[in-house]
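All of these numbers come straight from a predicted model, not from anything done at the bench.
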Amino acid sequence: MKKIWMLVTILSCGDSSTQIDVLSSNLQNQIPEDASIQDYQDMEGLQRATVKLGDVTLSEGDFFNGLHHGTWTTYDSKGKVTSIATFLNGKKQGVELTFDNLGYVSTKAYYHNNQLDGEFLTYKRRSIVERKSYSNGILNGTQQKYYVDGTIMEQSTYVDGKYDGVAKWYDKEGNLKIEYTYKMGELIEQ
């Protein structure tokens, strides 16, 4: 019995358009039954796949021996790109970009072996509103949040996914308003 890898989630967007996300859950054979498959003639096991719902392309990219490989692009119901991710041996590897309903980058993340690993940026239109760092899927290092105009809002440090060290919060003029000290997630000084 062939396992189905595709889950389609329909979400409402601010402009009332429908966004469709395609998620994979089976790493043994990630090729969906309803994908249009084209074999590459010069490399055995490498295939190009397109997943559609009617005339709408939901996602497209390559498979190597049944696993996601290389760059994959997903689209909303109007054909706008919602994400671009890179894969190696069926797992996210390298950069992944997600886009809002106007086409602006909303997140930029780095993956290693299907785990967040490296810088993770969140954008609101063209402005960075959050910058943080992951190591093997766990929040580690400095996290910074910004107001839309680029002024620092929060700066804190994480170790193993927990606040650790001094955490500072600022007003919109950049003035320090609150400062707390944490040790492995526990507040030790206000």
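Looking at K172 and T151, their side chains never come closer than 4.5 Å, going by heavy atoms from C-beta outward. Counting only heavy atoms from C-beta outward, the side chains of H69 and L88 approach each other to under 4.5 Å. In this structure, T86 and E96 have side chains that are not in contact, with every pair of non-hydrogen atoms separated by 4.5 Å or more. The shortest distance between side-chain heavy atoms of F99 and I84 falls below 4.5 Å. Proximity of T142 to Q155: side-chain heavy atoms (C-beta onward) are separated by under 4.5 Å at one or more points. Within the 4.5 Å cutoff, no side-chain heavy atoms of Y146 are placed close to those of M153.
By the criterion of side-chain heavy atoms lying less than 4.5 angstrom apart, applied directly or through intervening Ile, Leu, Val, Met, Phe, Trp or Tyr residues, Y75 is grouped together with L97 in one hydrophobic cluster. Under a hydrophobic-cluster definition in which Ile, Leu, Val, Met, Phe, Trp and Tyr are linked whenever side-chain heavy atoms come within less than 4.5 Å, directly or via other members, I152 and V129 are assigned to different clusters. When hydrophobic clusters are built by joining Ile, Leu, Val, Met, Phe, Trp and Tyr residues whose side-chain heavy atoms come closer than 4.5 Å, directly or via intermediates, V148 is not grouped with W169.
To the nearest 0.5 Å, atoms OG (S133) and CD (Q144) are separated by 11.0 Å. Atoms CD and NZ, on E130 and K145 in that order, are 5.0 Å from each other to the nearest 0.5 Å. Once rounded to the nearest 0.5 Å, the distance linking CG of L58 with NZ of K52 reads 9.5 Å. Note that CD of E173 is 9.0 Å distant from CG of D149, once rounded to the nearest 0.5 Å. Rounding to the nearest 0.5 Å gives a distance of 14.5 Å between CD of E186 and CD of E189. The line from NZ of K162 to CG of N140 is 11.5 Å long, rounded to the nearest 0.5 Å.
R48 pairs by the side-chain contact (heavy atoms from CB on, under 4.5 Å) definition with Q38, Y40, E60, D62, not counting sequence neighbours. Listed by chain and number, the residues in a side-chain contact (heavy atoms from CB on, under 4.5 Å) with D164 are V159, K183, M184 (sequence neighbours excluded). Not counting sequence neighbours, the partners of L116 by the side-chain contact (heavy atoms from CB on, under 4.5 Å) test are A109, Y111, F120, Y134. Residues meeting the side-chain hydrogen bond (donor to acceptor under 3.5 Å, both in side chains) test with Y158, sequence neighbours left out: none. Residues that satisfy the side-chain contact (heavy atoms from CB on, under 4.5 Å) test with A49, not counting sequence neighbours, are A35, I37, F63, W72.
Counted by atom type alone, Q115 and N136 present zero donor-acceptor pairs between their side chains at under 3.5 Å. In the model, T98 has no side-chain atom that pairs as donor or acceptor with a side-chain atom of S83 under 3.5 Å. A donor-acceptor contact closer than 3.5 angstrom links the side chains of T82 and T74.
A donor-acceptor contact shorter than 3.5 Å links the side chain of D76 to the backbone of K78. Side chain of K80 to main chain of N101: a donor-acceptor pair is present (N/O by atom type, distance under 3.5 Å, no hydrogens or angles). With Q30 contributing its side chain and G90 its backbone, the two residues share a donor-acceptor pair below 3.5 Å.
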Run the numbers on T157 and Y163 for side-chain contact (heavy atoms from CB on, under 4.5 Å), then give the verdict.
CA-CA 6 Å; T157 305; Y163 277 119; over 6 Å; no
Would Q143 and L139 count as a side-chain contact (heavy atoms from CB on, under 4.5 Å) here? Give the steps.
CA-CA 9 Å; Q143 172 185 289; L139 192 57; 4.0 Å; yes
Using the rule given for side-chain contact (heavy atoms from CB on, under 4.5 Å), can you reason through M43 versus F64, listing the C-alpha separation, both sets of side-chain angles and the distance that settles it, and then say yes or no?
CA-CA 9 Å; M43 182 176 266; F64 186 65; 4.1 Å; yes
Apply side-chain contact (heavy atoms from CB on, under 4.5 Å) to the pair K108 and V95, showing each step before the final yes or no.
CA-CA 7 Å; K108 178 182 177 184; V95 72; 4.0 Å; yes
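For the residue pair E154 and Y170, the shortest heavy atom distance occurs at N-CD1, 4.4 Å. Nearest approach of L176 to K168, heavy atoms of both residues: CD1-CB, 3.6 Å.
Screening residues 117-129 for side-chain hydrogen bond (donor to acceptor under 3.5 Å, both in side chains), with sequence neighbours left out, gives D100-R125, E119-R131.
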